[in-house]
Number of protein chains: 2
Amino acid sequence: MNIKAEHFFKILADLTRLRVLVLLSREGELCVCELTHALGEIQPKISRHLALLREAEIVLDRRQGQWIYYRLNPKLPDWTQVVLTQTTEGVAKQIPFSRDHRALCQMPNRPGSACCA
Amino acid sequence: MNIKAEHFFKILADLTRLRVLVLLSREGELCVCELTHALGEIQPKISRHLALLREAEIVLDRRQGQWIYYRLNPKLPDWTQVVLTQTTEGVAKQIPFSRDHRALCQMPNRPGSACCA
DNA sequence: CCTTTATATTCATAAAACCATATATACTAC
DNA sequence: GTAGTATATATGGTTTTATGAATATAAAGG
């Protein structure tokens, strides 16, 4: 696959999308309602940003019943994978990224009742 | 030093700034007229983007006579350094980055008469 | 002083990005 | 079928960002 560096960074240049990517990187796969709860944002906002990530082929989605699960695209070019990994590690302990993770773990009635490590 | 991930990526999310950073990463230090020639852009445009990079503390500048030389800030956080390095390696052979480097090497009357490897 | 060269900044405009609200679609269960 | 939940998209407004053109500043050399 092919992604222009400029476009790749444009996608990362928004706090909401960055928070989504950091969470997906830590958790592997999350549905829209989990992301909405973790970030404390309204659902259309999350969906719009997920659409941008999906169009850029940075994330993949799959439907399971009424839920749609998103995950990082494993076929990203090597250098973008390193960039994403480094970014995730670099900011995971900072606000608001650490708070997002905590909120996710405390989400009630989480579909699939997944549990954060 | 302290730079927010979101802001860092906003800075990288512009093709002109990315070209400047890739060149600086390869060459170490370049003055404004070298960057202007290498990218084939008008001088105010380059200066404006350099100002943004300088304000974000991603690059440092030093005056030498009538020239002002720019270089990457060595005190960037580790993760941003890795990101920059990976980006540079990832795009160095692609257009327009490869072309910028060639244009720089072919610049006539280059101050300091530096020579690209 | 004046001229030339290098660099920075200001200004007005145009394009892009983000947002909240409202609405539409899709699935599930009855 | 209807109701409820999950997700997506469309609309209109506001803010941000990039741009070219013009102008300003600073150094060097007469």
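Remember, it's a predicted structure, so these values are computed and weren't measured experimentally.
- Residues A/Q94 and A/S98 have side chains that never bring a donor and an acceptor to within less than 3.5 angstrom of each other.
- For the pair B/K10 NZ and C/dA17 C1', the interatomic distance rounds to 9 Å; values are reported in whole Å.
- Contacts of residues 36-44 of chain B with DNA chain D (heavy atom under 4.0 Å): B/I42, B/P44.
- At whole-Å resolution of the value, CG in B/D61 and P in C/dT7 are 11 Å apart.
- A salt bridge is absent between A/R71 and A/E27; no separation between the charged side-chain nitrogens and carboxylate oxygens falls under 4.0 Å.
- Contact annotation: A/H49 side-chain N/O to C/dC19 OP1/OP2 distance is under 4.0 Å.
- Distance CG (B/L53) to P (C/dA8): 12 Å, rounded to an integer number of Å.
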Practice item. Take A/E41 and A/R19 through the test salt bridge (charged side-chain N to carboxylate O under 4.0 Å, His left out) and record every step on the way to the result. Key: CA-CA 11 Å; A/E41 303 277 2; A/R19 292 165 74 187; 3.6 Å; yes
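- D/dA18 atom C1' lies 13 Å from atom CG of B/L15, rounded to whole Å.
- In this structure, A/E34 places its CD atom 14 Å from C1' of D/dT7, rounding to the nearest Å.
- Note on B/E57 versus B/K75: no salt bridge recorded, every NZ/NE/NH1/NH2 to OD/OE distance being 4.0 Å or above.
- Rounded to the nearest 0.5 angstrom, A/L39 CG and A/K45 NZ are separated by 8.5 Å.
- Connection of A/W67 to A/L24 is not established within any shared hydrophobic cluster, with ILVMFWY side chains joined at heavy-atom distances below 4.5 Å, either directly or through further cluster members.
- Spacing between atom CZ of B/R48 and atom P of D/dT17 amounts to 13 Å, rounded to whole angstrom units.
- Sorted by residue number, the members of residues 63-75 of chain A with any non-hydrogen atom under 4.0 Å from DNA chain D read A/Q66, A/W67, A/I68, A/Y70.
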Practice item. Could you walk me through whether B/L52 and B/D14 pass the side-chain contact (heavy atoms from CB on, under 4.5 Å) test, one step at a time? Key: CA-CA 11 Å; B/L52 290 173; B/D14 175 274; over 6 Å; no
